[in-house]
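Right, one structure below, let's go through it.
What's counted below: heavy atoms across the whole structure, side chains too, no hydrogens, waters or symmetry copies.
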Amino acid sequence: MISLLATGALAFCLQPTTTSSGQEPEAPQRSWTITADWVYTVSGDAIENGAVTVTDGRISAVGSAAGEGDLHVTAITPGLVDLGARISLGDDAVEQVHESTPAMRITDAWNPYSTRFGRELQSGVTTVLMVQPDRNVIGGLGAAVKTGGPLEERLIADERVVSAVIGSQPSSGNSPAFRRPNGLFNRRPTTRMGVEWVARKAFYDAIAKAEGVIDPEPLEAAGLDVLGRVLNGELPLFVAAEATQDIRTAIFLKEEFGFPHLILDSAAEAWKEPKLLQRSGASVVLPPFAWSGRTGQAGGFMAWNTVELLEELGVTYALSGQGNRDRERRLFLQPAFAVRAGGTPALALAAATLTPAQMIGIDDRVGSIEVGKDADLCFWNGEPTRFTTDVIGVMVGGELAVDPREASAHKLR
């Protein structure tokens, strides 16, 4: 039902709209020349007194400014990319009949009209990774989508990751079935050990299917085929693992089964296992910095010098706002926190733009200011890695979602 509703709503919105006079509204402007005191391309050096030319929603030129443009701002960066935005239909996006559902696609259960997309867009996030909530051990296939722009262009890429959870979340609400079970949740897993068991069994079953040892039912076979794509390196495993013991378990799974791409989401305590991280080659998505250091459901503690430590070891990291309403925990401020925590400004800005795009293989379209890429841009009133700087404008696919010339744009909503 969810899939049909979402599809129907999308089809309805794509019908041409008309004004009260019966005429179709004027198409939004999608070609611009924007000048700035600084253009931070992220993929290359920053350009002083630079300009970005946009033609039909794509970047057509980047360089030094030559004359006046359509608008001028202090600084331009790529639109922000958040792999941990936590946007979905909540538990309605999870099939809880089974604890392992690799073939479930998040695009079959998403609402493009969610106000949470608008909130992210207002603070400069133009691309998010949508995955299933942390209820199943293996949730399913996640997708990269834009937070704004024409609906028919919102989906960047389906099936970008396979989401999973290592920790207490999938077991919460379950209970052992003493005597006769009286409900769906009288089942495993009921402990962290049980969560690991479900994950390991799923991968062993995927190996057995690939080798022709087992011949499961079609629905189960589809899920095992998806896990096969993780094992052969086609898709990364995107694992929510906040606490130290969960990070260890996720890395040991990677090493046991030999799959090449592991992304540790919300890895607050990654700083406690630096050498293990370095050895594993896993990438990390950090939660928002908190003054207390405590983050997330598991109460993990993220040390202030986590970013500095990860950079010293060469561990790839991305920053996230995790869909927070609190201004200080939104993604646009996380590069400033990262620099304050000992990170380098260039890597900190990349951790909110190009690095997460590279992690899930969408950097051919977003994440940096380069000719041919989508014109997803963020406009700032100062240097992007300073606490005193705000997002004052946002462009998605060449369309102004937040106009920096309007007074309301200078205050985040």
Side-chain angles (χ1 to χ4, degrees), residues 36-48 50 73-85 120 123-127 264-272 274 277-278 283-296 300-322 324 326-359 363 367-369 377-394 412:
D37 297 344
W38 288 94
V39 176
Y40 296 89
T41 64
V42 179
S43 58
D45 294 333
I47 303 171
E48 188 174 6
V73 294
T74 302
I76 305 175
T77 69
L80 307 183
V81 180
D82 197 336
L83 301 188
E120 294 298 314
S123 57
V125 178
T126 56
T127 300
L264 295 168
D265 179 38
S266 194
E269 295 189 341
W271 62 278
K272 291 186 176 181
L277 272 175
Q278 186 182 45
S283 303
V284 172
V285 180
L286 294 175
F289 289 85
W291 295 111
S292 67
R294 293 294 175 187
T295 65
F301 181 82
M302 187 165 73
W304 268 97
N305 66 336
T306 296
V307 166
E308 181 181 22
L309 183 60
L310 295 180
E311 288 189 10
E312 288 176 355
L313 294 174
V315 174
T316 301
Y317 72 93
L319 302 170
S320 173
Q322 293 189 340
N324 274 277
D326 185 353
R327 180 182 183 278
E328 288 189 348
R329 306 196 74 189
R330 293 193 189 185
L331 179 56
F332 83 99
L333 270 183
Q334 298 314 303
F337 278 107
V339 172
R340 177 65 180 83
T344 57
L347 288 178
L349 183 57
T353 52
L354 183 57
T355 301
Q358 291 171 333
M359 284 183 181
D363 53 302
S368 62
I369 300 177
L377 304 173
C378 195
F379 307 134
W380 309 72
N381 62 2
E383 187 178 331
T385 55
R386 291 185 177 177
F387 288 108
T388 53
T389 301
D390 275 330
V391 173
I392 60 168
V394 186
L412 289 177

**Asked** If we only count heavy atoms from C-beta on, is the Val339 to Pro345 side-chain gap below 4.5 Å?
**Response** yes
**Asked** With side chains defined as the heavy atoms from C-beta onward, is the minimum distance between Leu80 and Thr353 less than 4.5 Å?
**Response** yes
Between Arg330 and Asp82, does at least one N-O distance fall below 4.0 Å, as a salt bridge requires? no
- Query: Between Asp363 (side chain) and Leu354 (backbone), is there a donor-acceptor pair under 3.5 Å?
  - Reply: no
Practice problem: Verify whether one side chain among Glu383 and Tyr40 offers a donor that lies under 3.5 Å from an acceptor in the other. | Solution: no
Is the shortest heavy-atom distance from the side chain of Gln334 to the side chain of Pro288 under 4.5 Å? yes
Practice item. Count the heavy atoms of every other residue, nucleotide or ligand shown that sit under 6.0 Å from CG of Asp326, and state whether that count exceeds 12. Key: yes
One should read off an interatomic distance between Leu349 CG and Thr344 OG1, to the nearest 0.5 angstrom, of 10.0 Å
On a heavy-atom basis, the closest approach of Trp38 and Ala46 is CE3-CB, 3.9 Å
Does the side chain to side chain contact (heavy atoms under 4.5 Å, CB included) test come out yes or no for Val394 and Glu120, once each step is laid out? CA-CA 11 Å; Val394 186; Glu120 294 298 314; over 6 Å; no
Requested in this report: State, with a plain yes or no, whether a side-chain heavy atom of Leu319 is found less than 4.5 Å away from one of Pro335.
Outcome: yes
Heavy atoms of Pro287 and Gln322 approach each other most closely as CB-NE2, 3.6 Å
**Prompt:** So do the side chains of Thr41 and Ile47 get within less than 4.5 Å of each other, counting heavy atoms only?
**Reply:** yes
CG (Leu333) and CZ (Phe289) are apart, to the nearest 0.5 Å, by 11.5 Å
The reported gap from OG in Ser123 to CZ in Arg329 (rounded to nearest 0.5 angstrom) is 14.0 Å
Only residue of Val73, Ile76, Val39, Thr126 satisfying side-chain contact (heavy atoms from CB on, under 4.5 Å) with Leu377 is Ile76
When every non-hydrogen atom of Ser368 is compared with those of Pro78, the smallest separation belongs to CA-CG, 3.4 Å
Quick one: are Thr389 and Thr74 in side-chain contact, heavy atoms under 4.5 Å? no
Do the side chains of Leu277 and Leu313 get nearer than 4.5 Å, heavy atoms only? no
(request) Please test Thr77 against Cys378 for side chain to side chain contact (heavy atoms under 4.5 Å, CB included), starting from the C-alpha separation and ending with a verdict. (result) CA-CA 5 Å; Thr77 69; Cys378 195; 3.4 Å; yes
**Q.** Side chain proximity check, Asn305 to Glu312, heavy atoms < 4.5 angstrom
**A.** no
Note: Pro274 and Leu309 closest approach over all heavy atoms is CB-CD2, 3.9 Å
When Asp265, Leu264, Thr316 are each screened for side-chain contact (heavy atoms from CB on, under 4.5 Å) with Val285, the one that passes is Asp265
Phe332 and Trp380 aromatic ring geometry - parallel, tilted or perpendicular at 30°/60° bounds:
tilted
Rounded to the nearest 0.5 angstrom, the CG-CD distance for Leu310 and Gln278 is 10.5 Å
CZ of Phe337 to CZ of Phe387, rounded to nearest 0.5 Å, is 4.5 Å
query: Quick check: does any side chain N or O of Trp271 sit under 3.5 Å from a backbone N or O of Phe301, one acting as donor and the other as acceptor?
result: yes
